[in-house]
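The model shown is predicted, which means the values in this text are computed figures rather than measured ones.
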Amino acid sequence: MTTNSSYHVRPDAVRGVVGNIVGLLLQAYSTVLELERLTLSPTSFAKLGSPVASANIAMQGQVVGTMRTLLQLLQETNDLVHRSANDYDDADQAVAAALGGASTGSGAAPSAALAGYAINDSAGAAGEPGSVGNVLDYLGRAGLGELSARPLTEVTFRDARDFADWLDRSPANQERVGLLAVYSGSGRDVPGLVHPGDVVVVQPFVGDGGPVIGVAGANGQLYNHGAVGSAAEFGRVRVYRPMTDATSLW
């Protein structure tokens, strides 16, 4: 009796799954922040008495604590899965080198290249905060998704918000441009969550102009043929991370 079995891991696919988990973690993290803000003053229970007030505070503390513990556990599991993908990549490259062949690994992460293209293109430029075309060009040059082989010509976008809506509509759309949605919410929670190389779409506060899109550099500064502001300065923020880099909340 003979068997013909093989074991194959695609590190890029594993990292894609990890990125999806990161998106869920970020949403849960945002929920925890909102829950913490819902603390009621003990005076709100004046008519019911201090025992009820104490019980409410204790219950909320337990819920928040449990959710934070769960988030930490999921993050640690996520990190271990990502480490396994990296270890497989390293082993694959080592075997290929020993045999004198070429590695089947996925190559270097593109986030640094993406940020580099955006920053270099921004030197001495005034900025084009609403240009989706510039960002698509950066993505294609960084080798993300299918853009280098199949430019995105079958769909047009009215503005940056339209592009973000298109990304959010389908995982296939995100895969097409090599990005994963990892955060959607208030700009006040953005500091520390935006990584260099993230594509960020922001809707300013009412009266502050149209939607802005840019690639993040250091400290959340956004670039799109010039510096176009910081993600933390705006109202609603949507963050999209290169698929091979979407591995961690922080």
Could you give the side-chain donor-acceptor pairs of residues 143-152 under 3.5 Å, partners two or more places apart or in another chain?
from, atom 1, to, atom 2, distance (Å)
Glu146, OE1, Arg150, NH1, 2.2

- Could you state the interatomic distance from CE (Met243) to CD (Gln174), rounded to the nearest 0.5 Å? 6.0 Å

- Rounded distance (nearest 0.5 Å) linking atom CZ of Arg241 with atom NE2 of His195: 4.0 Å

Least distance between heavy atoms, [X] atom then [Y] atom:
{"X": "Ser122", "Y": "Ala227", "answer": "CB-N, 4.4 Å"}
{"X": "Val194", "Y": "Ala216", "answer": "CG1-CB, 3.5 Å"}
{"X": "Val228", "Y": "Ile213", "answer": "CG2-O, 4.2 Å"}
{"X": "Gly197", "Y": "Ala115", "answer": "N-CB, 3.8 Å"}

Side-chain contact test, heavy atoms from C-beta onward, threshold under 4.5 Å: evaluate it for [X] versus [Y] and give yes or no.
{"X": "Leu114", "Y": "Pro242", "answer": "yes"}
{"X": "Val215", "Y": "Leu222", "answer": "no"}
{"X": "Thr156", "Y": "Phe163", "answer": "no"}

- Arg176-Ser170 side chain donor-acceptor pair, cut-off 3.5 Å: no

- Message: Applying a strict under-4.5 Å side-chain criterion to I, L, V, M, F, W and Y, I'd like to know whether Ile119 and Val199 cluster together.
- Response: no

- Query: Would Tyr240 and Val132 show up in the same hydrophobic cluster when neighbours are defined by side-chain heavy atoms closer than 4.5 Å?
  - Reply: yes

Counting only N and O atoms by type, is there a donor-acceptor contact under 3.5 Å from the side chain of [X] to the main-chain atoms of [Y]?
{"X": "Gln203", "Y": "Gly210", "result": "no"}
{"X": "Asp198", "Y": "Val200", "result": "no"}
{"X": "Asn224", "Y": "Ser131", "result": "yes"}

- Task: Report the residue from Val202, Val212, Val201, Leu193 that forms a side-chain contact (heavy atoms from CB on, under 4.5 Å) with Val237.
- Result: Val202

- Among Asp121, Asn134, Asp137, which one satisfies side-chain hydrogen bond (donor to acceptor under 3.5 Å, both in side chains) with His225? Asp121

- Query: Would you call Asp165 and Arg158 a salt bridge, taking side-chain N to carboxylate O under 4.0 Å as the test?
  - Reply: no

- Query: Do the two ring centres, one from Tyr117 and one from Tyr138, sit under 6.0 Å apart?
  - Reply: no

